[in-house]
Amino acid sequence: MMLSSSDNVPELLQKLYNRTTEAMFFFGAEGQILSMNEAAKQIIEPEIYQKMLQGEADSICFTCRGYTSEDEQMTCVSCFMANPMQTLTSFQLYLETKDLGVLPYSATYQVIDEQQQISVLMLRNLTRQTQTQEVLNQKLRVKQVIQAQENERKRISRELHDSVAQEMLSSLVDLRVLKYMNVDEEVLEKLRQTEGSLMRLLDDIRYLSVELRPAVLDDFGLEAAFRTHIKGLEKNFGLIVNFYSELKSNRYEGEIETVVYRIGQEAILNAMKYAEVEEVFLRLKEVQGNLCLEVMDEGIGFNVNDFTPEGTGLGLFGMRERVELVGGNLTITSSAHEGTKVQVEIPVKKERATSENHNS
């Protein structure tokens with residue numbers, strides 16, 4: 001295809017003016033609007049459009065709500081109209097539109113005829129880009145909060161395990177030494193009672209340390225972490241968890257492993273608290289590049305569409321939000337007296353079976 005000669009440029013510009021989706025306003029020396037294309041007319045309120053047709057100076061101000069500066073979201077300070085002979089490229093301003101309220105636009109203000117002092121303002125609607133950016137920013141903020149929570153859990157868990165538990169264990173050793181010293185039976189009995197209390201407290205601290213953030217999750221992965229968690233549940237609460245895993249030593253991104261572990265942990269806890277069951281089924285597998293978690297019980301169930309959240313755990317909304325942050329899907333199937341099934345599918349890429357990406 002041959003390039004068009006410059007003789008065709010006016011015709012091409014006319015077509016651009018008529019057909020572009022960008023709004024174009026042409027201003028005279030006094031700030032009055034000389035012309036606007038069809039895209040511009042579509043976003044202006046009729047009464048304001050009439051004022052513009054009458055050539056009122058700065059009539060664009062009736063619909064403009066300010067531009068975005070480094071200090072304010074919408075401001076009129078140092079407005080682009082204050083110096084009509086300046087050229088400004090790629091700034092953002094807001095217009096009060098005819099049907100959709102205040103919308104953000106990417107703007108360019110260009111002097112096209114210095115002698116007659118004619119300028120053009122070109123606007124491109126940024127609504128979709130702004131909404132996309134807001135969703136992205138929200139997801140990033142949520143990820144940062146979750147990561148901060150996990151880091152704090154890890155710190156407290158290590159503090160309990162490495163400091164509090166070790167100090168308590170040392171006290172237990174000293175207490176046991178006293179049992180073999182020359183003390184009467186009444187004192188010996190008191191020592192035994194105190195030893196038993198400290199042992200129970202030590203077990204509680206160790207369990208709490210694991211629940212906060214199991215080191216085995218970072219070191220050995222999901223299967224090992226769930227086996228440790230299940231052992232604690234069976235010991236402390238008598239809950240039977242039928243665990244089936246096909247992952248073996250497979251490792252995944254740290255964020256994904258954390259999400260799957262927390263969802264499984266929460267689903268088991270919910271079954272234990274609300275389903276009125278003594279047995280839960282948990283399955284882990286990888287199918288066609290998706291990491292799959294399934295937690296099922298045969299309890300009293302509930303109406304998924306009419307559910308009032310209880311407790312202070314993740315909750316259904318929190319579970320769904322965590323899964324969506326890593327690009328996965330959460331499905332909860334339940335009905336009265338039919339049990340509950342929680343299913344998670346997350347697209348993954350396996351990592352080397354190492355802890356270096358999980359302990360950083």
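Model, not experiment: these values are computed from the prediction.
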With sequence neighbours excluded, residues passing ring-ring contact (aromatic ring centres under 6.0 Å, His included) with F27: none
S334 side chain vs G339 backbone, donor-acceptor pair below 3.5 Å: yes
V120: hydrophobic cluster co-members (side-chain, 4.5 Å): Y17, M24, F26, L34, I112, I118, M122
With N125 via side chain to side chain donor-acceptor pair (under 3.5 Å) - residues at least two apart: T127
Partners meeting side-chain contact (heavy atoms from CB on, under 4.5 Å) with R283 (sequence neighbours left out): Y244, E246, K285, E294
Those residues that, when tested against T333, pass side chain to side chain donor-acceptor pair (under 3.5 Å) (two or more places apart): none
Aromatic plane relationship, H229 with Y261 - under 30° parallel, 30 to 60° tilted, over 60° perpendicular: perpendicular
Spacing of L284 atom CG and L291 atom CG [to the nearest 0.5 Å]: 6.5 Å
Residues in salt bridge (charged side-chain N to carboxylate O under 4.0 Å, His left out) contact with E22, at least two apart in sequence or another chain: R124
E278: side-chain contact (heavy atoms from CB on, under 4.5 Å) partners, not counting sequence neighbours: none
Any residue meeting salt bridge (charged side-chain N to carboxylate O under 4.0 Å, His left out) with E96, in chain and number order, not counting sequence neighbours: R65
Any pair counted as side chain to side chain donor-acceptor pair (under 3.5 Å), so long as it reaches residues 72-91, sequence neighbours left out: Q73-Y94
Salt-bridge present (R320, E324; N to O < 4.0 Å): no
Presence of salt bridge, E266 and R262, under 4.0 angstrom: no
Pairs where residues 48-61 contributes a residue and the test side chain to side chain donor-acceptor pair (under 3.5 Å) is met, not counting sequence neighbours: none
Contacts of R19 that satisfy side chain to side chain donor-acceptor pair (under 3.5 Å) - sequence neighbours left out: none
Members besides M85 in its Ile/Leu/Val/Met/Phe/Trp/Tyr cluster (side-chain heavy atoms under 4.5 Å): V111
